[in-house]
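The next block holds one structure in the form of structure tokens; read it before the comments.
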Amino acid sequence: MSAETNDVETEARAADSGANASAQFRSRMAAQSAGRVIDTERIGRVAGRAIAALNDIVLEEKVSYEEYNALKAWLIRVGEDGEWPLFLDVWLEHSVEEVANEHREGSKGSIEGPYYIPDAPELPWNGTIPMRDDEPGTPLVFAGQVRAVDGTPLPGAHLELWHADDLGFYSQFAPGLPEWNLRGTWIAGDDGRFEIHTLRPAPYQIPTDGACGQLIAAAGWHAWRPAHLHLKVSAAGHELITTQLYFPGDPHNADDIASAVKPELMLDPRPNPDAEGEIVDYDFVLDPEA
Ligand code: MBD
Ligand code: FE
């Protein structure tokens, strides 16, 4: 472990991480929103229901002017800290994911969260994730096969993996980490098989020094997500799945702040008989493209 590198990493500030997440989101949105048609009826109904729900809470809870002004100040700070992506992904995305994936017969999905970066370096089916020479953590071999719902292997499937390091930080969202640290894209072999060489991620605490952390402290909640791997798995003619995988025994599997754990997403690692660290099998099943 390099003490020097990690000292820098732990100086991560909520507002810097938030600014990066907001900028990333904006650039990806710009590409998607060209030519989008505004559905006035739909927006009127959904936005109207959201506003009505908030008004009901004010009336039922008899919210005071003091509380209303505290809310206003807090919302302003969410924007200043760049934490709208974090706030929405932690407290709302899980329901959007549920709706988006309810038709699927294949693998279960989970939320993307604020820290995905497209176009991570491509690796062969059995490649090692980009990491520092002295990257701390337990080696993890993550092996499996990508198949269609009818069982046909999907050669050349892409598996994008990104995860936190042993201190719980993501590259490009904390200082001092190489650009693509613990981010990669594996290309499955002719049989749809992959063998990813990485490290076990640490549990992740969302930034405590920003607006979201302020809410968590004021509400008496905790800021933890259980340790997780983020994945996007895709193959030609099939629907891309965005998901996360978890590790048994994590203290926050049952109370993830982002409500993104599902029983089907639990890994079952065992000691690796051939090398230091752990090995785990997990297969992905992709639905056909609509
Ligand atoms: C994360 O790492 C994450 O995965 C989510 C969903 C929210 C905040 C941080
Ligand atoms: Fe994450």
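In this text, all values refer to a predicted model and were calculated from it rather than measured experimentally. Each ligand, and each atom within it, is numbered from 1 in the order the structure gives.
An N or O contact shorter than 3.5 Å is missing between Tyr115 and ligand 1 by distance. Taking distance alone, with nitrogen or oxygen atoms compared against 3.5 Å, Asp89 stays at or beyond that limit from ligand 1. Residue Glu112 has no N or O atom closer than 3.5 Å to an N or O atom of ligand 1. For ligand 1, the polar-atom distance check finds an N/O of Arg225 within less than 3.5 Å of one of the ligand's N/O atoms.
Counting only heavy atoms from C-beta outward, the side chains of Tyr115 and Ser17 approach each other to under 4.5 Å. Using a 4.5 Å heavy-atom cutoff, the side chains of Trp91 and Leu215 are in contact.
Nearest approach of Arg270 to Asp281, heavy atoms of both residues: NH1-OD2, 3.1 Å.
In the vicinity of Leu86, heavy-atom distances shorter than 4.0 Å reach the ligand 1 atoms 8 (C). Remark: ligand 1 atoms within the under-4.0 Å shell around heavy atoms of Ile111 are 6 (C).
Taking a 4.0 Å cut-off on heavy atoms, Ala260 fails to register as neighbouring ligand 1.
Atom 9 (C) of ligand 1 has its closest protein heavy atom at Tyr204 CE2, 3.1 Å.
Tested against His163, the residues Leu140, Leu231, Thr198 include a single side-chain contact (heavy atoms from CB on, under 4.5 Å) partner, Thr198.
Below the 2.8 Å limit, the Fe ion (ligand 2) has as protein N, O or S neighbours Tyr170 OH, His228 NE2, His230 NE2.
Counting only distance, with no hydrogens or angles, the side chain of Glu93 and the backbone of Glu112 share a donor-acceptor pair below 3.5 Å.
A salt bridge between Glu264 and Arg104 is absent, with no side-chain N of the basic residue lying under 4.0 Å from a carboxylate O of the acidic one.
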